[in-house]
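A quick note: this is a predicted structure, and the numbers were derived from the prediction, not measured.
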Amino acid sequence: MNVTTGRGGRGLVATGGTYGVLFALGAVEGIIGSFQYLRTAGPVPLAALAFCVALLVTCLLAGWGMSAVSGALVPAMGWIIASFVLSMPVSNGSVIITASAPGEWYLYGGTLSAVIAVAVAFGGSIRTARTQPGRTQPTGWQPGRSQPPRSHPR
């Protein structure tokens, strides 16, 4: 039981549910993208690129919304699992994501989008941790001094 807020386990359930929805969102993006990535405008695989951008935006917003790296990582994991499972051949020989240029743009671009989003979320968490107010200073530190006091006088 969370004694400080009096909410009990509801906060934990809400957080777990949110992560579950983010994972499902990433998986749904992966499933839809796996069937629609072939749409092109001439030689440009527009749909594959659009799904990569959609994944990047989803992961960035999820990381920002959850204020955690795991917020960006969870939808990326859902997308990766769904997309890469659908790219493996089945026993009858059919493949959903083919080894074509749009298929490679979709898989590699989506993976790169996920990595970029997680890296940005990680960088943001480091920046936030460094600038948080109320952080404790090292032992022996005093305001106005650049270094802790020495143990012996000179």
Side-chain angles (χ1 to χ4, degrees), residues 1-139 141:
M1 184 166 116
N2 191 345
V3 182
T4 58
T5 62
R7 292 178 10 189
R10 290 180 288 184
L12 183 61
V13 171
T15 301
T18 304
Y19 280 119
V21 168
L22 288 174
F23 182 85
L25 177 63
V28 166
E29 285 182 7
I31 291 169
I32 293 171
S34 294
F35 289 101
Q36 300 298 321
Y37 72 94
L38 278 172
R39 300 183 187 273
T40 61
V44 179
L46 270 180
L49 295 174
F51 283 113
C52 293
V53 170
L55 177 66
L56 178 69
V57 169
T58 299
C59 292
L60 287 174
L61 289 176
W64 174 75
M66 295 299 287
S67 299
V69 176
S70 58
L73 187 62
V74 169
M77 287 181 357
W79 180 88
I80 288 172
I81 290 170
S83 295
F84 282 86
V85 164
L86 290 173
S87 71
M88 294 191 290
V90 293
S91 60
N92 65 1
S94 64
V95 177
I96 295 174
I97 301 176
T98 60
S100 61
E104 290 178 2
W105 275 98
Y106 174 71
L107 288 176
Y108 296 136
T111 303
L112 184 63
S113 296
V115 168
I116 289 170
V118 170
V120 167
F122 184 71
S125 70
I126 289 174
R127 191 175 325 111
T128 301
R130 286 187 179 173
T131 60
Q132 280 182 345
R135 284 186 50 202
T136 59
Q137 297 297 330
T139 308
W141 182 84

* To do: For residues Val74 and Met66, determine if any side-chain heavy atom of one lies less than 4.5 Å from a side-chain heavy atom of the other.
  => no

* To do: Might you point out which heavy atoms bring Ala82 and Ala27 nearest each other, and give the distance in Å?
  => CB-O, 3.5 Å

* Asked: So which heavy atom on Leu56 is nearest to which on Ser113, and how close?
  -> CD1-O, 3.4 Å

* What distance separates Ile80 CD1 from Ser87 OG, expressed to the nearest 0.5 Å? -> 11.5 Å

* **Matching residue for Ser34 among Leu86, Val85, Leu107 - test: side chain to side chain contact (heavy atoms under 4.5 Å, CB included)** => Leu86

* Structure fact -> Heavy-atom nearest pair, Leu55 first then Gly110, reads CD2-O, 3.2 Å

* Excluding sequence neighbours, so at least two apart, what forms side-chain hydrogen bond (donor to acceptor under 3.5 Å, both in side chains) with Ser70? -> Tyr19

* To do: For residues Cys59 and Ala117, report the shortest heavy-atom separation together with the two atoms involved.
  => CB-CB, 3.3 Å

* Can you name the residues that form a side-chain hydrogen bond (donor to acceptor under 3.5 Å, both in side chains) with Ser83, not counting sequence neighbours? -> Trp79, Tyr106

* Structure fact -> In terms of heavy-atom contacts, Phe122 and Val69 come closest through CA-CG2, 3.5 Å

* Asked: Which residue pairs satisfy the side-chain hydrogen bond (donor to acceptor under 3.5 Å, both in side chains) criterion with at least one member in residues 40-68, sequence neighbours excluded?
  -> Glu29-Thr58

* Structure fact -> Rounded to the nearest 0.5 angstrom, the CG-CG distance for Leu38 and Leu46 is 12.5 Å

* Structure fact -> Thr18 meets the side-chain hydrogen bond (donor to acceptor under 3.5 Å, both in side chains) criterion, sequence neighbours left out, with none

* Name all pairs fulfilling the side-chain hydrogen bond (donor to acceptor under 3.5 Å, both in side chains) condition that reach into residues 43-55, sequence neighbours left out, sorted by first residue then second. => none

* **CD1 on Ile81 to CD1 on Ile31, rounded to 0.5 Å** => 11.0 Å

* Check Gly71 against Leu22 and note the closest heavy-atom contact, atom names and distance. => O-CD1, 4.0 Å

* For Gln36, enumerate each residue passing the side-chain hydrogen bond (donor to acceptor under 3.5 Å, both in side chains) test, keeping only those at least two apart in sequence or located in another chain. => Arg39

